[in-house]
Amino acid sequence: MSSVLADVLVVIALVGALVLVHRPFGDYMAAVYQSPKHLRVERWIYRAVGANPDAGMRWPAYLRGVLAFSAVGVLFLYGMQRVQDKLPLSLGFRPIPADQAFDTAASFVSNTNWQSYSGETAMGHVTQTMGLAVQNFVSAAVGIAVAVTLIRGFARSRTGDLGNFWVDLVRGTVRILIPVSVVAAVILIACGAIQNFGDIHTVTTLTGDKQAISPGAVASQEAIKDLGTNGGGFFNANSAHPFENPDGFSNLLEIFLLLVIPLSLPRTFGKMVGNVRQGYAIVGAMAAIWFLAVIAVTWIEYAHPGTAAQLAGGAMEGKETRFGEGNSALFAVSTTMTSTGAVDAAHDSFSGLSGGVLLLGMMLGEIAPGGVGSGLYGMLIMAIVAVFIAGLMVGRTPEYLGKKIGGREIKLAACFILVTPALVLVGTALAMALGKGRSSMTNIGAHGFSEVLYAYTSASGNNGSAFAGFAADTVYHNTMLGLCMLLGRFLPMVFVLALAGSLARQAPIPVTAGTLRTEKPLFTGLLVGAILIITGLTFFPALALGPLAEGLA
Amino acid sequence: MTPDTQQTDTEKQDSMSTSCLASRQDAPTGPQPERRVAGGLFDSRQLVTALPDAVRKLDPRVMIKSPVMFVVLVGSVLTTVFSCTDPGDWFGWTVSAWLWLTVIFANLAEAVAEGRGKAQADTLRKAKTDTVARRLAQDREERVPGTELKIGDLVVCEAGDVIPGDGDVVEGVASVDESAITGESAPVIRESGGDRSAVTGGTKVLSDRIVVRITTRPGETFLDRMIGLVEGAARQKTPNEIALNMLLASLTIVFLLAVATLPPFADYAGSRLGMVVLVALLVCLIPTTIGALLSAIGIAGMDSLVQRNVLAMSGRAVEAAGDVSTLLLDKTGTITLGNRQATEFLAVRDATEAELADAAQLSSLADETPEGRSVVVLAKEKYGLRERHHGELAGAEWIGFTAQTRMSGVDVDGRRIRKGATASVVAWVEEQGGTVAEDVAGIAGRLSAAGGTPLLVAVQDGAGARVLGVIHLKDVVKDGMRERFEQLRRMGIKTVMITGDNPLTAEAIAEEAGVDGFLAEATPEDKMALIKREQAGGKLVAMTGDGTNDAPALAQADVGVAMNTGTSAAKEAGNMVDLDSDPTKLIEIVEIGKQLLITRGALTTFSIANDVAKYFAIIPALFAAVYPGLDKLNIMRLSSPDSAILSAVIFNALIIVALVPLALKGVRYRPVSADRLLRRNLGIYGLGGLVAPFIGIKLIDLLLSLIPGIG
């Protein structure tokens, strides 16, 4: 079987599995967030934190919950890293320096999982499992909760009640993330991923050198790393490491895990607003952009010019031979477009234009399909903007799902859209102007610039993947990237929740023949166009000086 | 353009409801009736006359209202300052000049839109000469300036007087020339009490004497407000405009960020970007096209209502019109012709139809009511009976129709013929000792049940008094209404007919006209309840009204169009006034509201789509020197970097001027479903917006390359 055919079959298998699963899974998630019943374990948790699970929250209260919970998460994770030498099972690792500890805490709480450390040489068992892994679950649950709140804003009318943050957080963790992760972890172990709390093995290699083999609860962390679109690898090599991602099947499973929640949430959305076709329109836009990027990157990697590439059948530098071009491209696109940031190949080594596509995927705002929850709310914000422009073109005050898109809604959507470009561009420009970018580059020319741009794009978009060449562990970058991650995560949430509050207060407008039909393919096309033009154009000059300059040379 | 000519214009179109929007673009070839308001067509000379105003608008305090254009203004100042530091740099000067032109073109669009209103305001102002009022104080008359009148003052107006302020007639009846306001030269009757009591300041009494109670303070009269409205002085941003401005402002900030962060990136690449180039890039990227035309579109929207003799009290009302999903239409005058007409003669068993038609015609000759005339017309059209004149029948004694007898007729050649209301004619026949045929009750009952009105025709001759038959009077639905309602349905608008008729009659007419619902035996309370019910379901409601008892409903409706002939209470309550008092105009008002929004959306889409081509022109021009690979992006093959940047800037400025006519006229609205509208407008303004600048910039570049030193 040719490798191209194999790659096509992998994509077909992946898409087929997602199509099969997204309906029941999306319906299940809708049921989780709408059910009036609490599980016994959930009641215990509510009692422990002192929350009343049956009290509805207005958006400011919901937001306070999100921010307070996340702030506690940052402080806890920071403290744990600073005292990890005193914790059991520390494997003898020293405390993490202040700037890097802040960067890492911000990174995991914001669902970014940017790593300026190497897991196997820095983090002990307790920090990995009780600190980082816990945030892998709850930061993902927070993202889904905020998305569900925005859905409620559309679904509910004449109310300020947007649901209860603690209920959404706990249910997302207990009923969705933990069960699926457990199943996935078991399958990963079966594939060969490791799962233990042992000590470092020192082995002697064939050439007589000593090599330290790191142990750890890898499979369990791997499952939630992908499912929660976190991306923080147990090992520095992330999913390229055979202990995390042993073979082609585990690779396919991991990609499936990356995409399954973001692509099922639109179904949840459609179910909750009472029109599943609205969900299909959204998932259609997500899938279209994702698919175009997969084709583009795969094609570019196969067509890479040069003698070495021709001999290898494509650009193989920085890729695992057990995955090849197609699987690596599929993983790379899926991880950048889901705000995951896990990698099974070095993005730094992708050809210039491919790197540009990966960057663009993050720059679009992580919405195709985006991170768990954040992808859906990001896409819905873009839908609001598209509806606004298109709605005018059909001669009515724009409305989406029966809610008017007026001044307040557009203001909040516009603020949301401003956040990522502002952080990416200002962050990169500051780094370049202060000379901090150049000093951390390990390449020259346009590719060097791409490394800096990629770092700030990845942090601000809460992706977490890196152009590996970039030396990120400096006080300056740890601090600035940490700020980008926190602002890039929580500022948009403020606007989303305010928007949800504003939508829920409105009375619904009935659908007539004069209403813009947002469940039709035409709207999906318009949405994709609006995303590419509005968001894409913002970054065109920066992309031109990085990946385009490199790729077109 | 009177409503009648509109009707014919629109009938030329394939569909009725394309209405004036279409006829305005297509019709002006034929001679048009004299109108108060200038035609809606754009004349390029207007650009020249508006130039001084456009320059005056460069005041930063004015410019700040449009964030996008304010950025361009700041950019123009910056590039000019930088060019001054390097006076030999022709490129800097040229870019500066075109940036200034961009700002001026934007102001020009607004000035042209306002200029059209100003001309109308001047005409109106002529009517607002300072009048002397004859105020009544303790039955004595005193002469005071019209500006000193207070609410509640009583003033006397006699033939030749100009009415000094808005008010209600409390005594007398007079004919009034309202042409200063409505442009309609035929005088109207104003009388105390009832729904014809309102008079407007600035109109002229032609005959008789009336006493008017002043209801408005000087300076706030209808005429004052009208002047303010057409001048645009009272213009406030509408909710939708505010939202759009918000989006444009955020896009401007995004592109400001994209450009402001470019120098450090470029520095690293080894390319130094000058201020002129950065400003040029910024101005090309921010949505200047829609930013420049936004306020002109709003003014033009109000203006196109004024062109149709409708005054909107706020832009908000015009916008709301586009969102309306329920129309309440009065039956009489809107859906039906307003007068019942004879449609058939139904003879009793013992009489022939010809006999009946002859008697019906004779008995109606003295009936000057529209119903009576329609009998004569029907007799002629259907039975070929020539109309006979009073003089033709020697010795005939004519009996005119009166409200008391409710009959008309003629006594001639020993025959006495009568026609009239069922009860009256039956009573007359019985009085003459005759009998009423048995089948009369059956025929009359059947007509009533079908929503018609029966009139009986009876004769007394040698054979005694008897009923010959029944005339079927019926409300005639205007031509084309069914198609029009069908179109409204496709636009997603539900029509509800309001009538005082009984449910049976109402249902029959509703059925025939094809409306979606009806409210029979409607009281003002019923109307109000209906509006509230629709609004509770999230729908926006539009209605027309003229009586004082309509006022609460007019105020409650989202779009309340008061008839100018109506009471001042009605005019106060509504948010629009139709000077022609034509209730069918409601449909056009909805279309204008939609057109306004569509124009905004279309030009926004166009403006944003334009950016793609501009990037392809400017980015390679800026960076191909340091990264030669980027020259592959120069797909237009522009001749030189300077020429590429300049071409984009020039295109950006010229497209504003090119789109001024569209902004003023509005994008053509078609009454089709939202889906088809979107597909069409996306095709034209979305794809068009992508492609047009590629062509435009290339052409400008070709021209520029002919100039020595650039190409």
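In the text below, chain A, chain B and the rest are named by the order of the sequence lines, each starting its count at 1. In this text, all values refer to a predicted model and were calculated from it rather than measured experimentally.
Counting heavy atoms from C-beta on, the side chains of A:I533 and B:V612 come closer than 4.5 Å. Side-chain atoms of B:I608 and A:L537, non-hydrogen and from C-beta on, never get closer than 4.5 Å to each other. Between B:Y268 and A:M441 the shortest side-chain heavy-atom distance falls below 4.5 Å.
Contact annotation for B:L540: only side-chain heavy atoms (C-beta onward) come within less than 4.5 Å of a heavy atom of chain A. Using a 4.5 Å cut-off between heavy atoms, B:F265 touches chain A through backbone and side chain atoms alike. Heavy atoms of B:R679 lying under 4.5 Å from chain A belong to its backbone as well as its side chain. Residue A:A446 touches chain B through both its backbone and its side chain, counting heavy-atom pairs closer than 4.5 Å. In this structure, chain B has no heavy atom under 4.5 Å from any part of A:L434. Heavy-atom distances place no part of B:L622 under 4.5 Å from chain A, backbone and side chain included. Of the atoms belonging to B:I242, not a single heavy atom falls under 4.5 Å from chain A. Proximity to chain A is absent for every atom of B:R676, based on heavy atoms less than 4.5 angstrom apart. With a threshold of 4.5 angstrom between heavy atoms, A:R408 does not approach chain B through any atom at all. In this structure, chain B has heavy atoms under 4.5 Å from both the backbone and the side chain of A:F449. At a 4.5 Å heavy-atom cutoff, the contact between B:S325 and chain A is made by side-chain atoms alone. Only the side chain of B:L690 comes within contact range of chain A, with heavy atoms under 4.5 Å apart. Both the backbone and the side chain of B:K539 come within less than 4.5 Å of a heavy atom in chain A. Of the two parts of A:A390, the backbone and the side chain both hold a non-hydrogen atom closer than 4.5 Å to a non-hydrogen atom of chain B. Heavy atoms closer than 4.5 Å to chain A are found in the side chain of B:F623, but not in its backbone. With a 4.5 angstrom heavy-atom cutoff, A:V452 does not touch chain B via any of its atoms. For chain B, the nearby part of A:K520 is the side chain; its heavy atoms alone come within less than 4.5 Å. For a residue to count as touching a neighbouring chain, one of its non-hydrogen atoms must lie under 4.5 Å from one of that chain's; by this rule A:I389 touches chain B with backbone and side chain alike.
The nearest pair of heavy atoms linking A:F540 to B:L633 is CZ-CD1, 4.1 Å. Scanning all heavy atoms of the two residues, the minimum distance from A:T397 to B:L597 falls at N-CD1, 3.5 Å. When all heavy atoms of A:P510 and B:G537 are compared, the pair lying nearest together is CD-O, 2.9 Å. When all heavy atoms of A:V394 and B:A674 are compared, the pair lying nearest together is CG1-O, 3.3 Å. Counting all heavy atoms, side chain and backbone alike, A:A544 lies closest to B:I619 at CB-CG2, 3.5 Å. Across A:M393 and B:N681, no two heavy atoms sit closer than the pair O-ND2, 2.9 Å.
For B:R490, the CZ atom sits in a packed shell: over 12 heavy atoms of surrounding residues, nucleotides or ligands are nearer than 6.0 Å.
Chain B forms the most heavy-atom pairs under 4.5 Å with one residue out of A:A413, A:G529, A:G445, A:G391, and that residue is A:G445. Here B:L678 is the residue among B:L678, B:L677, B:L257, B:L247 with the most heavy-atom pairs under 4.5 Å with chain A. When each of B:P239, B:P263, B:G492 is checked for heavy-atom pairs under 4.5 Å with chain A, B:G492 comes out on top. Comparing A:V424, A:L522, A:T512 by heavy-atom pairs within less than 4.5 Å of chain B, the highest count is held by A:L522. For the set B:A249, B:S250, B:A602, the count of heavy-atom pairs under 4.5 angstrom toward chain A peaks at B:S250.
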- Take B:D323 and A:K404, measure what side chain to side chain contact (heavy atoms under 4.5 Å, CB included) needs, and give me the verdict at the end. CA-CA 11 Å; B:D323 288 347; A:K404 268 214 160 76; 4.0 Å; yes

- Dump the intermediate steps for side chain to side chain contact (heavy atoms under 4.5 Å, CB included) on A:T428 and B:T261, then the final yes or no. CA-CA 8 Å; A:T428 313; B:T261 53; over 6 Å; no

- Message: Working note: B:V254 + A:I534, criterion side chain to side chain contact (heavy atoms under 4.5 Å, CB included); need CA distance, chi angles, decisive distance, verdict.
- Response: CA-CA 9 Å; B:V254 164; A:I534 293 178; over 6 Å; no

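Atoms CG and CG, on B:L603 and A:L392 in that order, are 11.0 Å from each other to the nearest 0.5 Å. In this structure, CG on B:L256 lies 11.0 Å from CG on A:L425, to the nearest 0.5 angstrom. Atom CE in B:M246 sits 8.5 Å away from atom CD1 in A:I410 (nearest 0.5 Å).
When the ring-ring contact (aromatic ring centres under 6.0 Å, His included) test is applied to A:Y454, the partners found at least two apart in sequence or on another chain are A:F467. Checked against side chain to side chain donor-acceptor pair (under 3.5 Å), B:N240 has the following partners two or more places apart in sequence or in another chain: B:R600.
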